[in-house]
Amino acid sequence: MKNIVLFGPPGAGKGTQAEKIKEKYDLFHISTGDVFRYNIKNNTKLGVLAKQYMDKGDLVPDQVTIDMLSDVVEKNISVNGFIFDGFPRTQSQAEALDKLLTKFNTSISGMVALEVDDEILINRLLERGKVSGRADDSNSLIIKNRIKEYYSKTAILKTFYQRKNCYFGVDGVGGIEEITSRITNVINNL
Ligand code: AMP
């Protein structure tokens, strides 16, 4: 199995690139943000809970996120591989993911990190907010909090995957196709 973590701050382009990569390598794409948004739209118990955090730009608690992710992975374990988009976002999530994949005799092949400066991120998110209708993309205070959450809880995962020799940084600024080709150069060598 080829299991890729697509990593980077909010607005780095993970969702856009995940769509391209999943087609190219026939991977199953899991975006925890998308699963939460689906649950919010359908007014499920999980959605009501997650919304309280997402509306502020805070991370949803680890156990809630891990349980949801594990459920999706277990239900789809017979696929070629997974592309994780927006997960893991904390050290406990990364540890839980390792444990989960080990249970199925597989592991993370690589973390591909999209590197983009904060200034560009804020502008991209505000632009996306105009069309996506996402409340958390439309307010610069919420955006700044999401970026703060990223630096305080998520950015440390770079070291976590570097220690396993599977961290690969990619320049996330440029045309969509150009960035896809940088990512595929990494994945082809995994
Ligand atoms: P995203 O679509 O990845 O930008 O995520 C949107 C929001 O969903 C985040 O700001 C968090 O509130 C929540 N979320 C998504 N993935 C996670 C995760 N792995 N851990 C905790 N919260 C998450």
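Only a predicted model underlies this, so the values are computations on that prediction, with no experimental measurement involved. When a ligand or atom number is given, it counts from 1 through the structure's own listing order.
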Give a table of atom pairs where an N or O of ligand 1 lies under 3.5 Å from a protein N or O.
from     : atom 1 : to     : atom 2 : distance (Å)
ligand 1 : 2 (O)  : Arg37  : NH1    : 2.9
ligand 1 : 2 (O)  : Arg37  : NH2    : 2.9
ligand 1 : 3 (O)  : Arg89  : NH1    : 3.0
ligand 1 : 3 (O)  : Arg89  : NH2    : 3.2
ligand 1 : 4 (O)  : Arg134 : NH2    : 3.2
ligand 1 : 4 (O)  : Arg146 : NH2    : 3.4
ligand 1 : 12 (O) : Asp58  : O      : 2.6
ligand 1 : 16 (N) : Thr32  : OG1    : 2.8
ligand 1 : 16 (N) : Gly86  : O      : 3.4
ligand 1 : 16 (N) : Arg89  : NH1    : 2.9
ligand 1 : 19 (N) : Gly86  : O      : 2.9
ligand 1 : 19 (N) : Gln93  : OE1    : 3.0
ligand 1 : 20 (N) : Gln93  : NE2    : 2.9
ligand 1 : 22 (N) : Val60  : N      : 3.0

(message) Is it the case that over 12 heavy atoms from other parts of the model lie below 6.0 angstrom from the NZ atom of Lys51?
(response) no

(message) As an exercise, state the distance from CD1 of Ile142 to CG of Asp137, rounded to the nearest 0.5 Å.
(response) 9.5 Å

(message) Quick one, Leu125 and Arg134 - any side-chain contact, counting heavy atoms below 4.5 Å?
(response) no

(request) If a pair satisfies ring-ring contact (aromatic ring centres under 6.0 Å, His included) and one of its residues is in residues 5-42, list it, with sequence neighbours excluded. (result) Phe7-Tyr150, Phe28-Phe82

(request) Among residues two or more places apart or on two chains, list those pairs meeting ring-ring contact (aromatic ring centres under 6.0 Å, His included) that have a residue in residues 156-190. (result) none

(message) So, using salt bridge (Lys or Arg N to Asp or Glu O under 4.0 Å) as the criterion, who are the partners of Glu19 when residues are at least two apart?
(response) Lys22

